[in-house]
Asks: 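Mind looking over this structure? Questions follow.
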Amino acid sequence: MSYIVAIDGPAGSGKGTLTKVVAKELGLVSIDTGMLYRCHALAVVRNNIDLDDKENIIKIMDNIEIKLKNENNIQTVFLDGEDVTDQIRLPEVNNTVSLTSSIPEVREKVTELERKIGYDWLKEGKNIIMEGRDITTVVFPEAEIKIYLDATPVERAKRRMEQQARKGINETFQEVLESIMKRDKNDMNKKVGALKELQVQYIYINAIKL
């Protein structure tokens, strides 16, 4: 019988890296759900939608097509047929996604997409590993294995700086740290799908170096 591994935790805690490592070692299909929210945020940025314009932020979700592709444990995301895997990591998307993903109607639509992707793989007999900030509590609370991954804001900012540098994105450490802390505050105070440390059976990894 197929199973689900769910990995939760704040931005920059190493969820994506750990997911890739485990998926490769155990032959699981990995799904980065944050790419879906980032893809929606990119659409908001590209269409110059004001972040106070909740109606159009929600509406655009119905007017775009988001698809994930997973080959050899490498994930790419497509927005209306365009590969935007690199574009969704740009600073303007980083500064937008936590706000747009806080809107309940947006989360509901993306959650439906996450579940569809996950269940489609399960139906094919695949074991999946999915990471995001509400996977263990909202998207797949029934997951057989749940992991909460964490690290200090400073450590997470260092990792994000390294990621940005590899992609040719230049930001100061202070800018990255402030962005991390702002996202933590937003993610922990969302009305729907808020980041929550697991209170039941879980694996807690603090400041792990990946």
Asks: Does Arg115 have any side chain to side chain donor-acceptor pair (under 3.5 Å) partners at least two apart in sequence or in another chain, and if so, which?
Replies: none
Asks: Determine, step by step, whether Lys20 and Lys24 satisfy the side chain to side chain contact (heavy atoms under 4.5 Å, CB included) criterion, reporting the C-alpha distance in whole Å, the side-chain angles of both residues, the deciding distance to 0.1 Å, and the verdict.
Replies: CA-CA 6 Å; Lys20 291 176 183 177; Lys24 182 178 181 180; over 6 Å; no
Asks: Minimum heavy-atom separation for Ser2 and Asn127, please, with both atom names.
Replies: CA-OD1, 3.1 Å
Asks: Return yes if some donor-acceptor pair links the side-chain N/O of Glu131 with the main-chain N/O of Asp32 below 3.5 Å, else return no.
Replies: no
Asks: Please confirm whether Phe140 and Tyr3 have ring centers closer than 6.0 angstrom.
Replies: no
Asks: Between Pro10 and Tyr148, what is the shortest heavy-atom contact and its length?
Replies: CD-OH, 3.7 Å
Asks: Quick check: are there more than 12 heavy atoms from other residues, nucleotides or ligands sitting under 6.0 Å from CD of Glu55?
Replies: no
Asks: Step by step, work out the side chain to side chain contact (heavy atoms under 4.5 Å, CB included) result for Asp62 and Lys109.
Replies: CA-CA 9 Å; Asp62 295 324; Lys109 292 177 183 295; 3.0 Å; yes
Asks: Do you know the tightest heavy-atom contact between Arg156 and Asp150?
Replies: NE-OD1, 4.2 Å
Asks: Return the CD1 to CD1 distance between Ile7 and Ile147, rounded to the nearest 0.5 Å.
Replies: 4.5 Å
Asks: Kindly write out the residues that satisfy salt bridge (charged side-chain N to carboxylate O under 4.0 Å, His left out) with Glu25, not counting sequence neighbours, or none if the list is empty.
Replies: none
Asks: Kindly indicate whether the side chain of Glu114, heavy atoms from C-beta on, has any atom under 4.5 Å from the side chain of Thr111.
Replies: yes
Asks: Any side-chain heavy-atom pair from Arg38 and Asn94 closer than 4.5 angstrom?
Replies: yes
Asks: Establish whether Leu99 and Val176 are linked, either directly or via other cluster members, by ILVMFWY side-chain heavy-atom contacts under 4.5 Å.
Replies: no
Asks: What is the distance from atom SG of Cys39 to atom CG of Asp80, rounded to the nearest 0.5 Å?
Replies: 8.0 Å
Asks: Could you tell me which non-hydrogen atom of Ala41 sits nearest to which non-hydrogen atom of Thr100, and how far apart they are?
Replies: CB-OG1, 3.9 Å
Asks: Determine whether Leu68 and Val106 fall in the same hydrophobic cluster, where Ile, Leu, Val, Met, Phe, Trp and Tyr are linked whenever their side-chain heavy atoms lie under 4.5 Å apart.
Replies: yes
Asks: Please check: side-chain N/O of Asp83 versus main-chain N/O of Thr85, any donor-acceptor pairing under 3.5 Å?
Replies: yes
Asks: Do you know which of Val5, Thr136, Asp8, Ile135 makes side-chain contact (heavy atoms from CB on, under 4.5 Å) with Met130?
Replies: Ile135
Asks: Do Phe78 and Tyr37 land in one hydrophobic cluster if side-chain heavy atoms of ILVMFWY residues count as linked below 4.5 Å?
Replies: no
Asks: Roughly how far, to the nearest 0.5 Å, is the CD atom of Gln174 from the CE atom of Met161?
Replies: 10.5 Å
Asks: Let me check something: do Leu90 and Leu177 share a hydrophobic cluster, defined by ILVMFWY side-chain heavy atoms less than 4.5 Å apart, either directly or through other members?
Replies: no
Asks: Given the rule in the side chain to side chain contact (heavy atoms under 4.5 Å, CB included) test, do Ile66 and Met61 qualify, once you have shown the distances and angles that lead to the verdict?
Replies: CA-CA 9 Å; Ile66 301 174; Met61 191 67 194; 4.0 Å; yes
Asks: Would you say that Thr96 contacts Val93 through its side chain, given a criterion of any heavy-atom pair below 4.5 Å between the two side chains?
Replies: no
Asks: Roughly how far, to the nearest 0.5 Å, is the NZ atom of Lys158 from the CD1 atom of Ile180?
Replies: 13.0 Å
Asks: So do the side chains of Glu112 and Lys116 get within less than 4.5 Å of each other, counting heavy atoms only?
Replies: no
Asks: Would you call Glu155 and Arg159 a salt bridge, taking side-chain N to carboxylate O under 4.0 Å as the test?
Replies: yes
Asks: Provide the closest heavy-atom pair for Ala151 versus Ser13 in the form atom of the first, atom of the second, distance.
Replies: N-CB, 4.4 Å
Asks: With a 3.5 Å distance limit and no angle check, can you tell me whether Lys146 reaches the backbone of Pro141 through a side-chain donor-acceptor pair?
Replies: yes
Asks: I need the Asn47 CG to Leu42 CG distance, nearest 0.5 Å.
Replies: 9.0 Å
Asks: Find the distance between CD1 (Ile129) and CG (Leu26) and round it off to the nearest 0.5 Å.
Replies: 7.5 Å
Asks: Given side chain to side chain contact (heavy atoms under 4.5 Å, CB included), test Ile117 with Leu36 step by step and report yes or no.
Replies: CA-CA 11 Å; Ile117 292 172; Leu36 305 178; 4.1 Å; yes
Asks: Does Ser102 use its side chain to pair, donor to acceptor, with the backbone of Ser98 at less than 3.5 Å?
Replies: yes
Asks: Looking only at atom types and distance, does a side-chain atom of His40 sit under 3.5 Å from a main-chain N or O of Ile57, one as donor and one as acceptor?
Replies: yes
Asks: List for me each residue that meets salt bridge (charged side-chain N to carboxylate O under 4.0 Å, His left out) alongside Lys126, sequence neighbours excluded, and say none if there are none.
Replies: none
Asks: For the residue pair Ile64 and Ala43, what are the closest heavy atoms and their distance?
Replies: CD1-CB, 4.0 Å
Asks: Answer whether the closest heavy-atom distance between the side chains of Arg46 and Gln87 falls below 4.5 Å.
Replies: yes
Asks: Does one hydrophobic cluster hold both Ile58 and Ile60, with members joined at side-chain heavy-atom distances below 4.5 Å?
Replies: yes
Asks: Under 3.5 Å, side chain of Arg107 to main-chain N/O of Ser101, donor-acceptor pair present?
Replies: yes
